[in-house]
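Data block below; observations after.
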Amino acid sequence: VQQVIQQGYTHLKLKMGRQLDQEIQFIQTIFLNSNLKLRLDFNESLSYTSFQDFLQRVHNLQDRIEFIEDPCPFQLEKWAAIQAEGWTLACDRQAHLACRYPQSAHILIIKPALQSFQEWKTWTDQTRIVTSYLGHPLGQMAAAYVASQIDPHCQLVHGLLSHHVYQPTSFSQQLNWQNPQF
């Protein structure tokens, strides 16, 4: 974590939900006194009840958690109730449903590899964060282009630096490996 901070990163996305007790202990230990903003992605792995339990257990981290992505399947009223408590939810898997309900999902996750240009172009009521799809670096470049269309003044932090997840290729080696600027 210290290395990530030294490299200039301000946000960190963590996949959550497989071993929740250990994950809660980990984020409590590592991030309680950190300045990093956390983006927690559950890929709809929790039930609504287990998500509520999770929120109670990490309440002291609420100011560190920028948003929680897909904690459970999108449910208009239930997600709105969570956001009314001061948590910010982001919708990825059901963004096509959540795109009209900012009271339920303040943030939409845009993955250009999955959504058509027409879809994300019309979703304007919520903040749109662009992420790569952990695919080939060429897809990462396409996601960067979409981010430049959605956020031309680079005011948001998008999730585009995923090329380091795979073995380097001649293409990916031309991309930045040292800091958060793409």
Ignoring hydrogens and angles, write down the donor-acceptor pairs under 3.5 Å from the side chains of residues 75-86, residues two or more places apart or on other chains.
{"from": "Trp79", "atom 1": "NE1", "to": "Pro73", "atom 2": "O", "distance (Å)": "3.3"}
{"from": "Gln83", "atom 1": "OE1", "to": "Leu89", "atom 2": "N", "distance (Å)": "2.9"}
{"from": "Gln83", "atom 1": "OE1", "to": "His106", "atom 2": "N", "distance (Å)": "3.0"}
{"from": "Gln83", "atom 1": "NE2", "to": "Pro102", "atom 2": "O", "distance (Å)": "3.2"}
{"from": "Gln83", "atom 1": "NE2", "to": "Gln103", "atom 2": "O", "distance (Å)": "2.9"}
{"from": "Gln83", "atom 1": "NE2", "to": "His106", "atom 2": "NE2", "distance (Å)": "3.4"}

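- A distance-only check finds no donor-acceptor pair linking the side chain of Ser34 to the backbone of Phe31 [under 3.5 Å].
- For the pair Ala90 and Phe67, the tightest heavy-atom approach, listed with the atom from each and the gap, is CB-CD1, 3.4 Å.
- Between Arg57 and Asp21 a salt bridge is recorded (basic side-chain N to carboxylate O distance below 4.0 Å).
- Side-chain atoms of Lys37 come within 3.5 Å of backbone atoms of Asp63 as a donor-acceptor pair (strictly under, hydrogens ignored).
- Environment of CZ in Phe171: crowded, with over 12 heavy atoms of neighbouring residues, nucleotides or ligands closer than 6.0 Å.
- Under the 3.5 Å distance criterion, the side-chain polar atoms of Asp70 are left unmatched by any main-chain donor or acceptor of Phe42.
- Closest of all the heavy-atom pairs between Leu46 and Cys72 is O-CB, 3.0 Å.
- Between Arg39 and Val157 the shortest side-chain heavy-atom distance falls below 4.5 Å.
- With sequence neighbours left out, His96 forms a side-chain contact (heavy atoms from CB on, under 4.5 Å) with Gln94, Glu119, Trp123.
- Nearest heavy-atom pair, Thr131 versus Pro112, reported as atom, atom and distance to 0.1 Å: O-CD, 3.6 Å.
- Side chain of Asp41 to main chain of Lys15: no donor-acceptor pair is present (N/O by atom type, distance under 3.5 Å, no hydrogens or angles).
- Between Gln56 and His59, the side chains place no donor N or O within less than 3.5 Å of an acceptor N or O (distance only, hydrogens not considered).
- In plain terms, the two heavy atoms of Cys99 and Gln126 that are nearest each other are O-OE1, 2.7 Å.
- A salt bridge links Lys13 with Glu69: the distance from a Lys NZ or Arg NE/NH1/NH2 to an Asp or Glu carboxylate oxygen falls below 4.0 Å.
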